[in-house]
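To start, the structure itself, in structure tokens.
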Amino acid sequence: MDPFRFTIQARSGRARVGLLTTPHGRVETPLFMPVGTQGSVKGLLPKDLKAIGSQVLLANTYHLLLRPGPERVQALGGLHRFAGWDGPWLTDSGGFQVMSLGHLRRIDEEGVVFQSHLDGSLIRLTPERSIAIQEALGADFIMAFDECPPYPSSPEYLKASLERTLRWLERSLKAKTRPDQALFGIAQGGTDAGLRALSTRETLRFDLPGYAIGGLAVGETKEEMFPMVALSTEILPEAKPRYLMGVGHPEDLVAAMGLGVDLFDSVYPTRTGRFGSALVPEGRINLKNAQYLEDKRPLEEGCDCYACQTFSRAYIAHLVRAEEMLGGILLSLHNLRFLHRLTERAREAIRQGSYGAFAREFAERRFGKEI
Ligand SMILES: Cc1cccc2c(=O)nc(N)[nH]c12
């Protein structure tokens, strides 16, 4: 039986509720994946992630290649055992992080050569090596080795890049040996509609268990991003999960779920939490702001997370000012719970056939008034 079955359970417009089976349990989509870049979601315990509704965690090939190294993780039982998360993992393929973090020295047909951001040593990543690393790490979902072109890029560069990414997808697929891992292809094409459609159609020539929309959330405007998301989900097959990479603002999730996206990841909720901000229905509040130092209310009225059930904004504002670790921990916990509750409510609205009303109510609170 297919270890990665995806069945649509309900629809409301283009939004859908899916059930995705993996070797490490079944998950319900749409879902948000907390990012655990180095095998840890910064500051949060796996048991607490489970308690707030996290289903799939994300780790990065680039970072885990640099340290502790895939051989060590494999020798220690693979990501699930090593990092104490027995639910599904997804690993990104490393290309993106090289562009954004490593000191990229060269990109050619073979792959990329970059200098480690840790010790400057030269490292080569190819589709074959990325897949071998992801097989050693043992994630359930692995990503094809791709190039995420810089924003903005010329149409000529975008076209050459997407064609190379397609050749790298073929090489990634050929290098794959584990039947218990699902390889997702990543469509590119930037914000050029013709090239986006071309890349998506060409990616679909590979029969894969899921497809990612790459090359977005890299600095383009929302007005540029969303037509590309809409165009992508019009082309991508209904029956396969669609993963919009790097998107994590609440309003963007609501819009993209309405366009039929099933999976999301972003460092936004945990990073903004570490920087002292809490996600709330109206947007975001920054606990560094003095107005919260005597505010007895929870971060968000009605939130069921441990931070909101136990502490006041005043206490968390104090922690943030005092640079206590607990401040970033509580804000990260709340922000992830906020996104998990958002996707839980979205799934319920889709089951009721009322996703449109859900999205309108969300937008009303988010944009209806200034905080
Ligand atoms: C993490 C992420 C965000 C945004 C875009 C991308 C992309 O295009 N390709 C990869 N492999 N990862 C991405």
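Computed from a predicted structure; not experimentally measured. We count ligands from 1, going down the list as the structure has it; atoms in each ligand are counted the same way.
- Within the 4.0 Å heavy-atom criterion, the part of Ser93 lying near ligand 1 is the side chain and not the backbone.
- Applying the 4.0 Å criterion to heavy atoms of Leu216 picks out, from ligand 1, the atoms 4 (C), 5 (C).
- The N/O atoms of Gly215, backbone and side chain alike, include one that comes under 3.5 Å of an N/O atom in ligand 1.
- Leu216 and Met143 are assigned to two separate hydrophobic clusters, defined by single-linkage of ILVMFWY side chains at heavy-atom distances under 4.5 Å.
- Residues satisfying the side chain to side chain contact (heavy atoms under 4.5 Å, CB included) test with Asp86, not counting sequence neighbours, are Lys50.
- Between the side chain of Ser153 and the main chain of Pro150, a donor-acceptor pair closer than 3.5 Å is present.
- Annotation: side-chain hydrogen bond (donor to acceptor under 3.5 Å, both in side chains) contacts of Ser54 (sequence neighbours excluded): His340.
- At a heavy-atom distance under 4.0 Å, only side-chain atoms of Gln188, from C-beta outward, approach ligand 1.
- Only the side chain of Ile186 comes within 4.0 Å of ligand 1, counting heavy atoms alone; its backbone N, CA, C and O stay farther away.
- Here the protein heavy atom with the shortest distance to atom 6 (C) of ligand 1 is Phe96 CD1, 3.5 Å.
- Checked against Glu234 for a salt bridge (Lys or Arg N to Asp or Glu O under 4.0 Å), the options Arg242, Arg14, Arg201, Arg196 give a single hit: Arg14.
- Looking only at protein heavy atoms, the nearest one to atom 12 (N) of ligand 1 is Asp92 OD2, 2.8 Å.
- For atom 9 (N) of ligand 1, the closest non-hydrogen atom on the protein side is Asp146 OD2, 2.7 Å.
- Within a 6.0 Å sphere centred on CZ of Arg67, other residues, nucleotides and ligands contribute 12 heavy atoms or fewer.
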